[in-house]
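Data first, discussion second: the structure below is written as structure tokens.
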Amino acid sequence: MVDSPETDVLPGAMLLELVLVPVSDIDRAKTFYTEQVGFAEDVDVRPREGVRVVQLTPPGSYCSITLSEGLPGPGMAAGSLHGLHLVVSDIEAARDALISRGVEVAPVVDAGGVLYAGFADPDGNTWVLQHMPWRRAAEG
């Protein structure tokens, strides 16, 4: 599991915790997200026959994705999730890192001061690297 600091859920807050990503092959998707995109594996369990749940977290994120089979779900077809944003502090470095690990990433586009570069997983679910240059990088 990924270590994360305690997070208070303040009155009125809504913390996005988990996004279901519909895939056709969990092993292929897990390899893509962990080895090529750099997500951490939090959980890979088979709680009962025919059921598998894989939870993966992007570096530095408090929100994870889930790849699953054998569970009732929202009925999304593999590859039907589009436009998930991954906020980065240096879009060129993030793009170069993905490309160096074999991910096909579109060129960076400046959309009025916000920079974007998209990529897709093996099923066609799409992701967007997003960089807002006016945001300060966190002190570390």
Side-chain angles (χ1 to χ4, degrees):
M1 277 225 174
V2 173
D3 292 328
S4 63
E6 292 294 320
T7 302
D8 292 328
V9 181
L10 303 174
M14 294 183 197
L15 305 179
L16 182 61
E17 180 75 21
L18 196 62
V19 176
L20 303 176
V21 177
V23 298
S24 61
D25 181 326
I26 289 181
D27 289 320
R28 178 181 71 175
K30 178 182 171 184
T31 297
F32 174 79
Y33 285 110
T34 58
E35 295 180 14
Q36 291 185 266
V37 184
F39 286 18
E41 178 184 328
D42 302 326
V43 173
D44 186 344
V45 296
R46 297 173 192 265
R48 66 179 182 266
E49 184 68 32
V51 175
R52 184 175 178 196
V53 177
V54 175
Q55 184 172 327
L56 309 169
T57 302
S61 182
Y62 295 109
C63 183
S64 302
I65 65 169
T66 293
L67 315 172
S68 66
E69 63 186 15
L71 294 174
M76 297 185 304
S80 65
L81 190 60
H82 299 287
L84 291 173
H85 284 55
L86 295 169
V87 175
V88 298
S89 63
D90 182 335
I91 196 163
E92 292 294 347
R95 181 175 181 272
D96 290 347
L98 290 174
I99 290 170
S100 74
R101 294 191 298 265
V103 179
E104 292 184 28
V105 185
V108 174
V109 174
D110 185 335
V114 180
L115 306 174
Y116 297 99
F119 67 94
D121 74 9
D123 283 295
N125 295 299
T126 63
W127 294 81
V128 179
L129 300 175
Q130 177 189 39
H131 177 200
M132 292 178 261
W134 62 87
R135 285 185 170 171
R136 280 185 336 125
E139 299 294 323

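Please read all numbers here as calculations on a predicted model, not as lab measurements. Sequential numbering from 1 along the given sequence is applied to the chain's residues.
At a threshold of 4.5 Å between non-hydrogen side-chain atoms, the residues L86 and Q130 do not count as touching. Here the side chains of L98 and F119 are in contact, with some heavy-atom distance below 4.5 Å. For the pair L18/C63, no side-chain contact is recorded, criterion being any heavy-atom separation below 4.5 Å from C-beta on. Between V21 and T66, the closest side-chain pair of non-hydrogen atoms is not below 4.5 Å. Looking at heavy atoms from C-beta onward, I65 lies out of side-chain contact with L20 at the 4.5 angstrom threshold. Within the 4.5 Å cutoff, no side-chain heavy atoms of L56 are placed close to those of S64. Between L71 and V51 the shortest side-chain heavy-atom distance falls below 4.5 Å.
Across all their heavy atoms, A120 and F32 have their closest contact at O-CZ, 3.5 Å. Nearest heavy atoms, S24 versus D123: OG-OD1, 2.6 Å. Taking both residues in full, the closest heavy atoms of G113 and W134 are given as O-CZ3, 3.5 Å, listed atom of the first, atom of the second, then distance. Contact between A29 and L67 at its shortest, heavy atoms only, is CB-CD1, 3.8 Å.
By the criterion of side-chain heavy atoms lying less than 4.5 angstrom apart, applied directly or through intervening Ile, Leu, Val, Met, Phe, Trp or Tyr residues, V108 is grouped together with V37 in one hydrophobic cluster. By the criterion of side-chain heavy atoms lying less than 4.5 angstrom apart, applied directly or through intervening Ile, Leu, Val, Met, Phe, Trp or Tyr residues, L81 is not grouped with V53; the two fall into different hydrophobic clusters. Side-chain heavy atoms closer than 4.5 Å link hydrophobic residues (I, L, V, M, F, W, Y) into clusters, and following such links, even through other members, never connects V19 to V43. Hydrophobic cluster membership differs between V128 and L115, with clusters built from Ile, Leu, Val, Met, Phe, Trp and Tyr side chains linked at under 4.5 angstrom. Under the 4.5 Å side-chain heavy-atom criterion for ILVMFWY residues, no single connected hydrophobic cluster contains both V87 and V105.
Between the S100 side chain and the A97 main chain, a donor and an acceptor come within less than 3.5 Å of each other. A donor-acceptor pair is defined here as one N or O able to donate and one able to accept, closer than 3.5 Å; such a pair exists between the side chain of D90 and the backbone of E92. H131 contributes a side-chain N or O that, together with a main-chain N or O of S89, makes up a donor-acceptor pair within less than 3.5 Å. Using a distance-only test at 3.5 Å, with no hydrogens or angles considered, no donor-acceptor pair links the side chain of T57 to the main chain of A40.
With sequence neighbours left out, H85 forms a side chain to side chain donor-acceptor pair (under 3.5 Å) with no residue at all. Partners of R101 by salt bridge (Lys or Arg N to Asp or Glu O under 4.0 Å), not counting sequence neighbours: none found. With sequence neighbours excluded, the residues satisfying ring-ring contact (aromatic ring centres under 6.0 Å, His included) with F39 are Y33, W127. Remark: R95 pairs with no residue by the salt bridge (Lys or Arg N to Asp or Glu O under 4.0 Å) rule, at least two apart or across chains. Applying the side chain to side chain donor-acceptor pair (under 3.5 Å) criterion to Q36, with sequence neighbours excluded, gives no partner residue.
Atom OG1 of T34 sits about 7.0 Å away from atom CD of E41, to the nearest 0.5 Å. Summarising the geometry, atom OH belonging to Y62 is positioned 14.0 Å from atom CG belonging to L16; distances are rounded to the nearest 0.5 Å.
A salt bridge is absent between K30 and D25; no separation between the charged side-chain nitrogens and carboxylate oxygens falls under 4.0 Å.
For residues 49-64, the set of pairs meeting the salt bridge (charged side-chain N to carboxylate O under 4.0 Å, His left out) definition, not counting sequence neighbours, comprises D27-R52, D44-R52.
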